[in-house]
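For reference, the structure discussed in these notes is given below.
Ligands are counted one by one from 1 in listed order, and the atoms in each one are counted from 1 as well.
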Amino acid sequence: MVDIERDRANCCDRSAMMRSPAKSLGSRSPIDGRRKSWGDSCDVASGSSGSSVTTSSSSSRNPLSIAARAISSCFVTPKDRSPPSSGNFSEDNKTPSHPSATTQESFPASSQGSMRQGMGIHSGGRSEPSVMRFTMSDITKATKNFSPSLKIGQGGSGTVYKAKLGDGTVVAIKRLKKNGYQSHLRTEFHNEIQTLAQIEHQNLVRLHGFLEDQDERIIVVEYVTNGTLREHLDCQRGKVLELSSRLDVAIDVAHAITYLHMYSGWNLPLHAL
Ligand SMILES: Nc1ncnc2c1ncn2[C@@H]1O[C@H](COP(=O)(O)OP(=O)(O)OP(=O)(O)O)[C@@H](O)[C@H]1O
(Lines give C-alpha, C1' and ligand atoms only; values in the text may rest on other atoms or scores of the structure.)
Protein backbone atom coordinates (compact mmCIF):
# COMPACT_ATOMS: atom_id res chain seq x y z
CA MET A 1 0.00 0.00 0.00
CA VAL A 2 2.92 2.19 0.50
CA ASP A 3 3.97 4.10 -2.66
CA ILE A 4 7.19 5.97 -2.11
CA GLU A 5 6.98 7.41 -5.55
CA ARG A 6 5.83 10.07 -7.76
CA ASP A 7 8.63 12.09 -9.15
CA ARG A 8 11.31 9.50 -8.78
CA ALA A 9 10.61 8.55 -12.29
CA ASN A 10 14.07 7.36 -13.04
CA CYS A 11 14.56 4.92 -10.27
CA CYS A 12 12.95 3.27 -7.35
CA ASP A 13 9.42 4.27 -8.02
CA ARG A 14 7.15 2.13 -6.05
CA SER A 15 6.83 2.03 -2.37
CA ALA A 16 3.39 1.63 -1.59
CA MET A 17 0.84 2.20 -1.24
CA MET A 18 3.67 3.87 -0.49
CA ARG A 19 3.35 5.62 -3.65
CA SER A 20 4.37 3.65 -2.20
CA PRO A 21 4.21 3.62 -3.43
CA ALA A 22 9.00 4.41 -2.59
CA LYS A 23 7.26 5.87 -5.28
CA SER A 24 9.34 8.66 -6.88
CA LEU A 25 12.96 9.55 -6.91
CA GLY A 26 14.04 13.13 -6.85
CA SER A 27 10.91 13.84 -4.94
CA ARG A 28 10.20 16.73 -2.70
CA SER A 29 10.64 16.27 0.96
CA PRO A 30 7.23 15.68 2.45
CA ILE A 31 8.14 18.16 5.09
CA ASP A 32 9.62 21.16 3.39
CA GLY A 33 9.23 20.73 -0.34
CA ARG A 34 12.92 20.18 -0.96
CA ARG A 35 13.80 18.11 -3.95
CA LYS A 36 15.77 15.03 -3.22
CA SER A 37 18.03 13.30 -5.61
CA TRP A 38 18.31 9.67 -4.76
CA GLY A 39 17.26 8.84 -8.29
CA ASP A 40 20.49 10.37 -9.47
CA SER A 41 22.52 8.26 -7.14
CA CYS A 42 20.97 5.13 -8.59
CA ASP A 43 22.57 6.02 -11.85
CA VAL A 44 25.87 6.86 -10.30
CA ALA A 45 26.28 3.79 -8.19
CA SER A 46 28.59 1.30 -9.77
CA GLY A 47 27.68 -2.30 -9.89
CA SER A 48 31.09 -3.42 -8.85
CA SER A 49 31.46 -2.94 -5.18
CA GLY A 50 28.40 -1.03 -4.21
CA SER A 51 30.61 1.14 -2.08
CA SER A 52 30.85 4.11 -4.36
CA VAL A 53 29.40 7.23 -2.86
CA THR A 54 28.42 10.33 -4.74
CA THR A 55 30.79 13.08 -3.75
CA SER A 56 29.63 15.77 -6.10
CA SER A 57 27.15 16.95 -3.56
CA SER A 58 28.29 18.53 -0.35
CA SER A 59 27.53 17.68 3.20
CA SER A 60 23.85 17.89 2.31
CA ARG A 61 24.30 14.38 0.93
CA ASN A 62 25.99 13.15 4.02
CA PRO A 63 23.75 10.35 5.27
CA LEU A 64 24.08 11.48 8.85
CA SER A 65 23.12 15.05 7.95
CA ILE A 66 20.16 13.83 5.96
CA ALA A 67 19.00 11.63 8.79
CA ALA A 68 19.45 14.36 11.35
CA ARG A 69 17.46 16.83 9.27
CA ALA A 70 14.70 14.37 8.58
CA ILE A 71 14.38 13.23 12.14
CA SER A 72 14.34 16.74 13.53
CA SER A 73 11.76 17.87 10.99
CA CYS A 74 9.49 15.03 12.01
CA PHE A 75 9.17 16.61 15.40
CA VAL A 76 8.24 20.07 14.22
CA THR A 77 4.62 20.74 14.97
CA PRO A 78 2.49 21.26 11.88
CA LYS A 79 1.75 24.88 12.73
CA ASP A 80 5.44 25.61 12.66
CA ARG A 81 5.86 24.38 9.15
CA SER A 82 5.93 26.78 6.26
CA PRO A 83 3.34 26.00 3.65
CA PRO A 84 4.89 24.86 0.39
CA SER A 85 5.03 27.30 -2.44
CA SER A 86 2.23 26.76 -4.87
CA GLY A 87 4.78 26.17 -7.60
CA ASN A 88 6.03 23.07 -5.91
CA PHE A 89 2.64 21.53 -5.89
CA SER A 90 1.14 22.73 -9.11
CA GLU A 91 1.49 19.40 -10.81
CA ASP A 92 -0.52 17.78 -8.08
CA ASN A 93 -3.42 20.16 -8.27
CA LYS A 94 -4.87 18.46 -11.26
CA THR A 95 -8.00 16.60 -10.44
CA PRO A 96 -8.10 13.47 -12.54
CA SER A 97 -11.06 13.19 -14.81
CA HIS A 98 -12.62 9.91 -15.73
CA PRO A 99 -15.22 10.51 -18.36
CA SER A 100 -16.29 6.92 -18.40
CA ALA A 101 -16.90 6.70 -14.71
CA THR A 102 -20.49 7.02 -13.72
CA THR A 103 -20.49 8.64 -10.33
CA GLN A 104 -18.25 10.53 -8.02
CA GLU A 105 -18.29 9.80 -4.33
CA SER A 106 -17.25 12.20 -1.63
CA PHE A 107 -15.95 11.20 1.72
CA PRO A 108 -15.64 13.35 4.78
CA ALA A 109 -12.41 15.25 4.70
CA SER A 110 -9.98 14.90 7.51
CA SER A 111 -10.54 17.51 10.14
CA GLN A 112 -6.85 18.25 9.98
CA GLY A 113 -6.70 19.96 6.63
CA SER A 114 -4.53 22.76 7.87
CA MET A 115 -2.02 20.27 9.20
CA ARG A 116 -1.70 18.76 5.78
CA GLN A 117 -0.09 21.86 4.39
CA GLY A 118 3.65 21.70 4.24
CA MET A 119 3.70 17.93 4.64
CA GLY A 120 3.88 17.04 0.99
CA ILE A 121 0.17 16.54 1.01
CA HIS A 122 -1.77 17.36 -2.08
CA SER A 123 -4.86 19.30 -1.19
CA GLY A 124 -5.55 20.03 -4.82
CA GLY A 125 -7.65 22.92 -3.65
CA ARG A 126 -10.45 20.54 -2.83
CA SER A 127 -12.31 20.77 0.41
CA GLU A 128 -13.23 17.11 0.31
CA PRO A 129 -11.51 14.18 -1.26
CA SER A 130 -13.56 12.43 -3.88
CA VAL A 131 -13.18 9.21 -5.78
CA MET A 132 -14.86 7.76 -8.81
CA ARG A 133 -17.19 4.83 -8.69
CA PHE A 134 -16.45 2.84 -11.82
CA THR A 135 -18.78 0.51 -13.65
CA MET A 136 -17.92 -3.04 -14.62
CA SER A 137 -17.94 -1.90 -18.22
CA ASP A 138 -15.27 0.73 -17.45
CA ILE A 139 -13.10 -1.85 -15.75
CA THR A 140 -13.43 -4.59 -18.36
CA LYS A 141 -12.59 -2.11 -21.08
CA ALA A 142 -9.60 -0.78 -19.18
CA THR A 143 -8.23 -4.24 -18.43
CA LYS A 144 -9.27 -5.84 -21.73
CA ASN A 145 -11.50 -8.11 -19.72
CA PHE A 146 -8.78 -8.81 -17.16
CA SER A 147 -6.36 -9.95 -19.79
CA PRO A 148 -3.54 -12.06 -18.32
CA SER A 149 -1.16 -10.03 -20.47
CA LEU A 150 -1.99 -6.98 -18.34
CA LYS A 151 -1.49 -8.71 -15.02
CA ILE A 152 1.36 -7.04 -13.14
CA GLY A 153 1.13 -8.55 -9.73
CA GLN A 154 -0.49 -10.88 -7.29
CA GLY A 155 -1.07 -9.86 -3.70
CA GLY A 156 -2.53 -11.68 -0.77
CA SER A 157 -5.97 -10.23 -1.34
CA GLY A 158 -6.17 -9.97 -5.09
CA THR A 159 -4.70 -9.61 -8.55
CA VAL A 160 -3.27 -6.39 -9.92
CA TYR A 161 -3.57 -5.28 -13.55
CA LYS A 162 -2.06 -2.40 -15.45
CA ALA A 163 -4.89 -0.67 -17.26
CA LYS A 164 -5.81 2.41 -19.21
CA LEU A 165 -8.94 4.40 -18.39
CA GLY A 166 -11.18 6.00 -20.99
CA ASP A 167 -9.36 9.31 -20.63
CA GLY A 168 -5.97 7.68 -21.20
CA THR A 169 -4.87 7.62 -17.59
CA VAL A 170 -2.73 4.59 -16.84
CA VAL A 171 -3.70 3.01 -13.55
CA ALA A 172 -3.23 -0.10 -11.46
CA ILE A 173 -6.43 -2.03 -10.94
CA LYS A 174 -6.60 -4.40 -8.02
CA ARG A 175 -9.30 -7.02 -8.27
CA LEU A 176 -9.97 -8.44 -4.85
CA LYS A 177 -10.58 -12.13 -4.37
CA LYS A 178 -14.18 -13.15 -4.16
CA ASN A 179 -14.73 -14.51 -0.70
CA GLY A 180 -18.46 -14.87 -0.75
CA TYR A 181 -18.49 -11.22 0.14
CA GLN A 182 -19.35 -11.50 3.78
CA SER A 183 -20.67 -8.41 5.50
CA HIS A 184 -17.50 -7.80 7.48
CA LEU A 185 -15.54 -7.79 4.20
CA ARG A 186 -17.97 -5.27 2.81
CA THR A 187 -17.38 -3.03 5.80
CA GLU A 188 -13.65 -3.56 5.54
CA PHE A 189 -13.73 -2.61 1.86
CA HIS A 190 -15.71 0.55 2.54
CA ASN A 191 -13.35 1.53 5.31
CA GLU A 192 -10.35 0.97 3.06
CA ILE A 193 -11.82 3.09 0.29
CA GLN A 194 -12.67 5.83 2.71
CA THR A 195 -9.18 5.78 4.12
CA LEU A 196 -7.48 5.69 0.73
CA ALA A 197 -9.65 8.53 -0.51
CA GLN A 198 -8.28 10.84 2.10
CA ILE A 199 -4.63 10.04 1.66
CA GLU A 200 -2.84 12.78 -0.17
CA HIS A 201 0.86 12.43 0.13
CA GLN A 202 3.63 12.42 -2.43
CA ASN A 203 4.99 9.15 -1.12
CA LEU A 204 1.71 7.29 -1.19
CA VAL A 205 -0.21 6.04 -4.20
CA ARG A 206 -3.29 8.01 -4.99
CA LEU A 207 -6.70 6.42 -5.22
CA HIS A 208 -8.54 6.99 -8.48
CA GLY A 209 -11.70 5.11 -7.70
CA PHE A 210 -13.35 1.81 -7.00
CA LEU A 211 -16.04 -0.59 -8.05
CA GLU A 212 -18.37 -2.60 -5.93
CA ASP A 213 -20.78 -4.81 -7.79
CA GLN A 214 -22.25 -7.87 -6.11
CA ASP A 215 -19.24 -9.95 -5.10
CA GLU A 216 -16.84 -7.93 -7.24
CA ARG A 217 -14.61 -5.44 -5.42
CA ILE A 218 -12.04 -3.45 -7.33
CA ILE A 219 -9.69 -0.65 -6.35
CA VAL A 220 -8.21 1.68 -8.96
CA VAL A 221 -5.03 3.46 -7.94
CA GLU A 222 -2.23 5.44 -9.47
CA TYR A 223 0.13 3.27 -11.49
CA VAL A 224 3.70 3.30 -10.29
CA THR A 225 6.40 2.82 -12.88
CA ASN A 226 9.89 1.42 -12.59
CA GLY A 227 9.28 -1.68 -10.59
CA THR A 228 9.01 -2.34 -6.93
CA LEU A 229 11.12 -0.96 -4.15
CA ARG A 230 12.09 -4.52 -3.27
CA GLU A 231 13.60 -4.96 -6.73
CA HIS A 232 15.69 -1.83 -6.31
CA LEU A 233 16.78 -2.63 -2.79
CA ASP A 234 17.81 -6.11 -3.90
CA CYS A 235 19.64 -4.69 -6.93
CA GLN A 236 17.55 -6.85 -9.23
CA ARG A 237 17.66 -4.16 -11.87
CA GLY A 238 21.38 -4.33 -12.42
CA LYS A 239 22.26 -1.27 -10.39
CA VAL A 240 23.44 -1.00 -6.86
CA LEU A 241 21.49 1.41 -4.71
CA GLU A 242 24.03 3.29 -2.70
CA LEU A 243 23.76 3.79 1.00
CA SER A 244 22.64 7.42 0.89
CA SER A 245 19.82 6.48 -1.47
CA ARG A 246 18.74 3.69 0.83
CA LEU A 247 18.69 6.18 3.63
CA ASP A 248 16.53 8.51 1.54
CA VAL A 249 14.12 5.64 0.96
CA ALA A 250 13.95 4.91 4.66
CA ILE A 251 13.31 8.58 5.39
CA ASP A 252 10.56 8.73 2.77
CA VAL A 253 8.94 5.67 4.26
CA ALA A 254 9.18 7.21 7.71
CA HIS A 255 7.55 10.41 6.45
CA ALA A 256 4.72 8.48 4.86
CA ILE A 257 4.13 6.41 7.97
CA THR A 258 4.27 9.51 10.13
CA TYR A 259 1.68 11.08 7.89
CA LEU A 260 -0.59 8.06 8.04
CA HIS A 261 -0.37 7.92 11.79
CA MET A 262 -0.46 11.59 12.65
CA TYR A 263 -2.02 13.62 9.91
CA SER A 264 -4.56 11.50 8.13
CA GLY A 265 -6.58 11.10 11.27
CA TRP A 266 -6.32 7.35 11.50
CA ASN A 267 -4.32 5.20 13.78
CA LEU A 268 -3.36 2.66 11.17
CA PRO A 269 -1.72 -0.57 12.16
CA LEU A 270 1.68 -0.96 10.54
CA HIS A 271 0.69 -4.15 8.70
CA ALA A 272 -1.89 -2.16 6.75
CA LEU A 273 0.83 -0.34 4.87
N1 LIG B 1 0.06 0.96 -7.95
C2 LIG B 1 0.78 0.00 -8.52
N3 LIG B 1 1.52 0.27 -9.60
C4 LIG B 1 2.27 -0.70 -10.19
N5 LIG B 1 2.31 -1.97 -9.76
C6 LIG B 1 1.59 -2.29 -8.67
C7 LIG B 1 0.78 -1.33 -8.00
N8 LIG B 1 0.17 -1.94 -6.96
C9 LIG B 1 0.58 -3.20 -6.98
N10 LIG B 1 1.43 -3.44 -8.00
C11 LIG B 1 2.08 -4.71 -8.35
O12 LIG B 1 1.27 -5.78 -7.87
C13 LIG B 1 1.97 -6.52 -6.89
C14 LIG B 1 0.98 -6.96 -5.82
O15 LIG B 1 0.48 -5.80 -5.22
P16 LIG B 1 -0.46 -5.87 -3.98
O17 LIG B 1 -0.75 -4.51 -3.50
O18 LIG B 1 -1.64 -6.72 -4.30
O19 LIG B 1 0.48 -6.65 -2.98
P20 LIG B 1 0.29 -6.95 -1.46
O21 LIG B 1 0.95 -5.87 -0.69
O22 LIG B 1 0.75 -8.34 -1.25
O23 LIG B 1 -1.24 -6.80 -1.29
P24 LIG B 1 -2.22 -7.37 -0.22
O25 LIG B 1 -2.73 -6.16 0.45
O26 LIG B 1 -3.25 -8.05 -1.06
O27 LIG B 1 -1.49 -8.32 0.67
C28 LIG B 1 3.07 -5.60 -6.39
O29 LIG B 1 4.17 -6.31 -5.91
C30 LIG B 1 3.42 -4.83 -7.63
O31 LIG B 1 4.29 -5.57 -8.45
One residue to check: Val160. Relative to ligand 1, which of side chain, backbone, both or neither has a non-hydrogen atom less than 4.0 Å away?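 Side chain only; the backbone of Val160 stays clear of ligand 1.
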
Check Val221 against ligand 1 and report side chain, backbone, both or neither, counting heavy atoms closer than 4.0 Å.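 Just the side chain.
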
Those atoms of ligand 1 less than 4.0 Å from some heavy atom in [X]:
X      : value
Ser157 : 24 (P), 25 (O), 26 (O)
Tyr223 : 3 (N), 4 (C)
Glu222 : 1 (N), 2 (C)

Would you check, one step at a time, whether the test side-chain contact (heavy atoms from CB on, under 4.5 Å) holds for Met132 with His208? CA-CA 6 Å; Met132 305 306 297; His208 282 271; over 6 Å; no

Check the pair Val220 / Ile139 against side-chain contact (heavy atoms from CB on, under 4.5 Å), numbers first and verdict last. CA-CA 9 Å; Val220 181; Ile139 300 295; 3.9 Å; yes

So do [Y] and [X] actually touch side chain to side chain, heavy atoms under 4.5 Å?
X      : Y      : result
Thr140 : Phe146 : yes
Phe134 : Leu165 : yes
Leu260 : Leu204 : yes

Polar-atom distance check: [X] versus ligand 1, any N or O pair below 3.5 Å?
X      : result
Lys174 : yes
Thr228 : no
Ala172 : no
Gly156 : yes

Please name the residue in the list Arg186, Arg217, Arg175 that meets the salt bridge (charged side-chain N to carboxylate O under 4.0 Å, His left out) test with Glu212.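 Checked Arg186, Arg217, Arg175 against Glu212; only one passes salt bridge (charged side-chain N to carboxylate O under 4.0 Å, His left out): Arg186.
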
Between Phe189 and Phe210, what is the ring plane arrangement, given parallel below 30°, perpendicular above 60°, and tilted in between?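 Perpendicular.
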
